[in-house]
Amino acid sequence: MHLVQDENGKSLAHAHGDDHSHCHEHSHDCSSCGGDCSKETVALLTYMLQHNEHHAAELEQMAENLKKLGMDDAAKQISEGVSEFQKGNMRLSLALTLVKEQLKEA
């Protein structure tokens, strides 16, 4: 379990069970904030990035565990997947930075 923040900055406990169900929404309807969703967008992007980074770390650990079990081929596939996942996280991080910079200029 780890803590995440919702779009209002409230800390929430977030756990992953075997079924990986989520007890929270990942979307936000901008009509509820008068069309200016900048704070909510930053909060959601921040959350999504942290969430994805957490999953990447979990997958890296899984690959290590598979290596220890002698399942090198499966471990390699997961490691390669994590590499691709991290590339996506870099793009998400860049998008978050660009959004923050553009909001500062506005």
Side-chain angles (χ1 to χ4, degrees):
M1 179 168 24
H2 57 280
L3 293 177
V4 296
Q5 290 186 336
D6 67 10
E7 61 269 8
N8 299 313
K10 180 180 173 187
S11 293
L12 303 170
H14 183 75
H16 296 276
D18 293 335
D19 66 353
H20 192 82
S21 61
H22 287 84
C23 58
H24 50 267
E25 290 277 328
H26 288 295
S27 62
H28 177 76
D29 179 8
C30 286
S31 64
S32 66
C33 57
D36 181 9
C37 296
S38 41
K39 289 181 184 177
E40 289 84 357
T41 299
V42 170
L44 186 58
L45 281 171
T46 300
Y47 164 77
M48 296 292 285
L49 179 58
Q50 291 170 348
H51 188 83
N52 287 354
E53 288 171 341
H54 177 77
H55 282 298
E58 289 176 322
L59 288 166
E60 285 176 337
Q61 183 61 54
M62 187 181 294
E64 286 300 314
N65 291 343
L66 289 172
K67 270 187 190 178
K68 291 175 185 174
L69 294 171
M71 299 180 188
D72 293 344
D73 291 340
K76 180 180 177 189
Q77 291 303 309
I78 292 173
S79 293
E80 289 175 5
V82 168
S83 177
E84 295 298 318
F85 203 79
Q86 289 171 334
K87 287 178 188 177
N89 286 346
M90 284 190 299
R91 290 189 180 275
L92 187 56
S93 179
L94 177 58
L96 177 59
T97 299
L98 293 170
V99 167
K100 286 179 178 179
E101 286 176 2
Q102 200 160 13
L103 289 173
K104 283 181 189 176
E105 295 171 3

- Message: Under the rule for side chain to side chain donor-acceptor pair (under 3.5 Å), what residues qualify as partners of Q86, not counting sequence neighbours?
- Response: E60
- Task: For the residue pair H55 and H51, categorise the inter-ring angle as parallel (less than 30°), tilted (30 to 60°) or perpendicular (more than 60°).
- Result: perpendicular
- Query: Is it true that L92 and F85 fall in one hydrophobic cluster, defined by side-chain heavy atoms closer than 4.5 Å?
  - Reply: no
- Cluster companions of M90 among Ile, Leu, Val, Met, Phe, Trp, Tyr (side-chain spacing under 4.5 Å): none
Would you tabulate the side-chain donor-acceptor contacts of residues 94-106 under 3.5 Å, counting partners in other chains and residues two or more places apart, or write 'none'?
residue, atom, partner, partner atom, Å
T97, OG1, S93, O, 3.1

- Message: Please enumerate all residues that pass side chain to side chain donor-acceptor pair (under 3.5 Å) together with N65, with sequence neighbours excluded.
- Response: Q61
- Quick one: name the residues clustered hydrophobically with M71, using the 4.5 Å side-chain heavy-atom rule over I, L, V, M, F, W, Y, and just say none if it's on its own. L59, M62, L66, L69, I78, V82
- Does a donor on one side chain and an acceptor on the other come within less than 3.5 Å for E58 and H54? yes
- Message: Please list all pairs meeting side-chain hydrogen bond (donor to acceptor under 3.5 Å, both in side chains) that have one or both residues in residues 74-84, counting only residues at least two apart or in different chains.
- Response: E84-K87
- Message: Suppose we screen for side chain to side chain contact (heavy atoms under 4.5 Å, CB included). Which residues come up paired with D72, at least two apart in sequence or across chains?
- Response: K67
